Amino acid sequence: MDIIRHTIEQQDYIKAFDLLKEYIASNPTYTDTIAILEASIYIGLGDFHAALPCIQDGLKINPVNHELYFMLGMVYESYSEYNKAYLCYENALFHCKDNKDDYSAIEEHFLRFVNETGTVVPRVSIILLNFNQLAYTMNCITSIRNYCPASAYEIICVDNGSLESPEEWLKTQPDIKYQINLENLV
């Protein structure tokens with residue numbers, strides 16, 4: 001794989017593609033790393049359309065791969081689908097926790113992109129309805145926090161007269177807006 005990466009870095013995309021085909025022939029399991037290499041070759045050749053399914057397949061294998069999100073942002077940017085590109089770059093930064101060099105490069109590209117295009121995507125409001133299921137609501141919120149950048153959403157929790165007391169827990173969550181109804185209004 002290192003030789004393939006090196007060949008891509010040397011911008012010898014045809015040779016890299018041949019090397020990748022040889023590698024896949026002897027290692028048929030498609031991985032997120034193979035998806036990155038394959039998409040890199042296509043992007044290097046300027047074929048963003050061919051890179052897209054590679055990236056999508058890679059994200060099916062590893063939905064938290066920051067490199068794949070960054071590449072997906074590049075594909076959407078090439079299509080002038082700026083809102084999608086913005087969200088992909090935002091996710092790339094969120095999932096790039098262990099590599100400072102990658103984080104800096106992604107952040108630099110993202111800031112340039114925002115400055116050049118003026119693209120800003122507003123946060124989405126996630127409204128959670130709770131009725132006597134606080135544990136499930138808490139699990140849902142944990143999942144949102146683990147997989148979505150905080151800049152991309154706001155959480156609004158509406159409790160519909162639960163017998164348990166979710167208000168005490170909700171008061172301790174500074175990032176959650178909430179409404180406590182005295183009765184079930186559904």
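Predicted model only: the values in this text are computed from it and were never measured. Keep in mind that the numbers below use all heavy atoms, side chains included, and drop hydrogens, waters and symmetry copies.
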Crowding at NZ, Lys97 (>12 non-hydrogen neighbours, <6.0 Å): yes

Quick one: do Met138 and Leu134 satisfy side-chain contact (heavy atoms from CB on, under 4.5 Å)? Show the steps, please. CA-CA 6 Å; Met138 291 167 70; Leu134 183 58; 3.7 Å; yes

Does Glu108 CD have over 12 foreign heavy atoms under 6.0 Å away? no

Would Tyr76 end up clustered with Val121 when hydrophobic side chains under 4.5 Å apart are linked, directly or stepwise? yes

If only atom types and distance count, is the side chain of Tyr82 paired as donor or acceptor with the main-chain N or O of Val114 below 3.5 Å? no

Is the shortest heavy-atom distance from the side chain of Glu164 to the side chain of Asn130 under 4.5 Å? yes

With side-chain contact (heavy atoms from CB on, under 4.5 Å) as the test, would you mind laying out the steps for Asp57 and Lys60 before giving the verdict? CA-CA 5 Å; Asp57 289 345; Lys60 288 176 189 172; 3.8 Å; yes

So, for Ile34 and Asn27, which heavy atoms are closest and what is the spacing to 0.1 Å? CD1-O, 4.5 Å

Quick check: closest heavy atoms across Ala35 and Gly58, and the distance to 0.1 Å? CB-CA, 3.6 Å

Heavy-atom closest pair, residues Leu52 and Val75: CD1-CG1, 4.1 Å

Nearest heavy atoms of Met74 and Phe48, plus distance in Å: O-CE2, 4.0 Å

Within the distance-only criterion (no hydrogens, no angle test), does the side chain of Thr7 pair as donor or acceptor with the backbone N or O of Ile3 below 3.5 angstrom? yes

Quick check: does any side chain N or O of Asp159 sit under 3.5 Å from a backbone N or O of Ile180, one acting as donor and the other as acceptor? no

Nearest 0.5 angstrom please: Cys96 SG to Asp102 CG, how far? 5.0 Å

Would you say the side chain of Ile36 lies within less than 4.5 Å of the side chain of Asn65, judging by non-hydrogen atoms? yes

Linking I/L/V/M/F/W/Y whenever any side-chain heavy atoms sit under 4.5 Å apart, do Tyr136 and Ile127 land together? no

Do Tyr30 and Glu38 come close enough that some side-chain heavy atom pair is under 4.5 Å? yes

Could you check whether Tyr178 and Gln173, counting side-chain N and O atoms only, form a donor-acceptor pair closer than 3.5 Å? no

So Glu167 and Leu170, do their side chains get closer than 4.5 Å, heavy atoms only? no

Side-chain (Asn99) to main-chain (Asp101) donor-acceptor, under 3.5 angstrom: yes

Is it the case that one hydrophobic cluster holds both Tyr153 and Val158, taking links as side-chain heavy atoms less than 4.5 Å apart, direct or via other members? no

d(Gln56 CD, Ile61 CD1) to nearest 0.5 Å is 12.5 Å

Which pair of heavy atoms, one from Asn132 and one from Leu163, lies closest together, and at what distance? OD1-N, 2.5 Å

Rounded distance (nearest 0.5 Å) linking atom CG of Asp32 with atom CG of Leu68: 6.0 Å

Salt-bridge present (Arg5, Glu67; N to O < 4.0 Å): no

Could you tell me if the side chain of Asn139 sits less than 4.5 Å from the side chain of Ser143, heavy atoms only? no

Output the distance between atom OG (Ser40) and atom CG (Leu45), rounded to the nearest 0.5 Å. 11.0 Å

In this structure, CG of Asn181 is separated from OG of Ser162 (nearest 0.5 Å) by 9.5 Å

Tell me whether the count of non-hydrogen atoms from other residues, nucleotides or ligands lying under 6.0 Å of CG in Asp98 goes above 12. no

If you group Ile, Leu, Val, Met, Phe, Trp and Tyr by side-chain heavy-atom gaps below 4.5 Å, do Ile8 and Ile14 land in one group? yes

Between Glu90 and Tyr69, is any pair of side-chain heavy atoms under 4.5 Å apart? no

Trp169 vs Ile141, test: side-chain contact (heavy atoms from CB on, under 4.5 Å). Steps then yes/no. CA-CA 12 Å; Trp169 180 78; Ile141 291 167; 3.8 Å; yes

If you measure from CG on Asn83 to SG on Cys88, what distance do you get to the nearest 0.5 Å? 11.0 Å

Taking the six-membered ring for Trp, is the centroid-to-centroid distance between Tyr86 and Phe110 below 6.0 Å? yes

Where is the tightest heavy-atom contact between Leu20 and Ile4, given as atom of each residue plus distance? CA-CD1, 3.9 Å

Less than 4.5 Å apart, any side-chain heavy atom of Phe131 and any of Leu129? no

For the residue pair Tyr89 and Phe70, is the inter-centroid distance of their aromatic rings smaller than 6.0 Å? yes

What I'd like to find out is whether the side chain of Leu93 reaches to under 4.5 Å of the side chain of Glu107, using heavy atoms alone. yes

Same cluster or not: are Leu72 and Leu87 linked, directly or through other Ile, Leu, Val, Met, Phe, Trp or Tyr residues, by side-chain heavy atoms under 4.5 angstrom apart? yes

Within 6.0 Å of OH in Tyr147, more than 12 heavy atoms from elsewhere: no

